[in-house]
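Reviewing the structure listed below.
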Amino acid sequence: LFCTELGWWETARVGDLRVTFVPAQHWSRRGLLDGNETLWGGFVIEGTAATVYHSGDTAWFEGFAEIGRRFPGLDAALLPIGAYDPAWFMERQHMNPEQALAAFQALGARTFLAMHWGTFKLTDAPLDEPPRRLEAERLRLGLAPERVRALAVGQTIELDGVVPAVPGAHGDRPLPKPSA
């Protein structure tokens, strides 16, 4: 096993993949007295068939547009949609669903995959609220449903067609409808 430290915009090869460490907006801590002394970030993973952006834990920041410029044609963007309330405390490290869709648009990615929601009760937001808000914003923006996905636990898709790997298991379950 090996570990390669990267600074922002640096790339390492892992087999056939190119992995680039890209900026994010969060905080870091490895010990009690080292807050914000290491970089936080996400990854752009370029494979032979697709290029995927994994934002890591992040808030909204202007860097999404730069990532999209440096990596045009992203096939998918995995973006966080949870742990955002109360905004006065969380907005510097986490995005709400509306901000996540703004990041998706700034990136210019083809498919949005929601992450960082519904697992742990980290903030004041109800666990099931993020996908409802995501769906409401998707509708408001007029984005096609196959472009914006909040997958069920264990569900997979193929990036070239948004096809569930196990039809009928969870693949046919749509996003929850926004409440009235």
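Numbers here are sequence positions counted from 1. Reckoned from all heavy atoms, side chains included, excluding hydrogens, waters and symmetry mates.
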Apply the test side-chain contact (heavy atoms from CB on, under 4.5 Å) to residues Thr111 and Glu146: give CA-CA distance (whole Å), side-chain angles for both, the deciding distance (0.1 Å), then the verdict. CA-CA 8 Å; Thr111 304; Glu146 64 273 7; over 6 Å; no
Passes side-chain contact (heavy atoms from CB on, under 4.5 Å), Ile67 versus Val44? Steps please. CA-CA 9 Å; Ile67 294 165; Val44 174; 4.2 Å; yes
In sequence, state the C-alpha distance, the side-chain angles, and the governing distance for Phe71 and Glu46, and then conclude on side-chain contact (heavy atoms from CB on, under 4.5 Å). CA-CA 9 Å; Phe71 297 93; Glu46 299 171 277; 3.8 Å; yes
I would like to know whether Trp40 and Asp57 meet side-chain contact (heavy atoms from CB on, under 4.5 Å); could you show each step before the answer? CA-CA 8 Å; Trp40 48 94; Asp57 212 359; over 6 Å; no
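Separation of atoms OG1 (Thr20) and CH2 (Trp9) is listed at 9.0 Å; rounding is to 0.5 Å. From Gln99, atom CD reaches atom OG1 of Thr58 across 10.0 Å, with rounding to the nearest 0.5 Å. Separating the CG atom in Leu134 from the CZ atom in Arg149 is a distance of 11.5 Å, to the nearest 0.5 Å. Separating the CD atom in Glu137 from the CD1 atom in Ile81 is a distance of 12.0 Å, to the nearest 0.5 Å. Here the NE2 atom belonging to His94 is positioned 11.0 Å from the CD atom belonging to Gln25, to the nearest 0.5 angstrom. Distance check: Leu79 CG to Met115 CE gives 6.5 Å after rounding to the nearest 0.5 Å.
Using modelled atom types, no side-chain atom of Trp60 and backbone atom of Asn96 make a donor-acceptor pair closer than 3.5 Å. Using modelled atom types, one side-chain atom of Arg147 and one backbone atom of Ala109 make a donor-acceptor pair closer than 3.5 Å. Side chain of Arg18 to main chain of Gly47: no donor-acceptor pair is present (N/O by atom type, distance under 3.5 Å, no hydrogens or angles). In this structure, the side chain of Thr51 does not engage the main chain of Leu74 through any donor-acceptor pair within 3.5 Å.
If you chain together hydrophobic residues whose side chains sit under 4.5 Å apart, Met95 and Leu141 fall into the same group. Both Phe61 and Leu101 belong to a common hydrophobic cluster when Ile, Leu, Val, Met, Phe, Trp and Tyr are linked at side-chain heavy-atom distances under 4.5 angstrom.
Between Val19 and Thr4, the closest side-chain pair of non-hydrogen atoms is not below 4.5 Å.
Taking both residues in full, the closest heavy atoms of Pro130 and Gly82 are given as CG-CA, 4.1 Å, listed atom of the first, atom of the second, then distance. Between Asp85 and Ala125, the closest heavy-atom pair is CB-N, 3.7 Å. Scanning all heavy atoms of the two residues, the minimum distance from Ala77 to Phe104 falls at CB-CD1, 4.5 Å. Of all non-hydrogen atoms in Pro80 and Ser55, the two that sit nearest each other are CD-OG, 3.0 Å. The heavy-atom pair separating Ala144 from Arg138 by the smallest distance is C-NH1, 3.7 Å. The minimum heavy-atom distance between Leu39 and Gly7, with the atom names listed, is CD1-CA, 3.8 Å.
Ring planes of Phe43 and Phe21: tilted class, angle from 30 to 60°. Using cut-offs of 30° and 60° on the angle between ring planes, the pair Phe64 and Tyr53 is perpendicular.
Looking at Glu135 and Arg132, no side-chain N of the basic residue comes within less than 4.0 Å of a carboxylate O on the acidic one, giving no salt bridge. Here Arg70 pairs with Glu66 in a salt bridge; the nearest charged N to carboxylate O distance falls below 4.0 Å.
Leu127 belongs to no hydrophobic cluster, as no Ile, Leu, Val, Met, Phe, Trp or Tyr side chain comes under 4.5 Å of its own.
Glu129 and Tyr84 are linked by a side-chain donor-acceptor pair at a separation below 3.5 angstrom, with hydrogens and angles left out of the test.
Residue pairs meeting the salt bridge (charged side-chain N to carboxylate O under 4.0 Å, His left out) criterion with at least one member in residues 5-14: none, sequence neighbours excluded.
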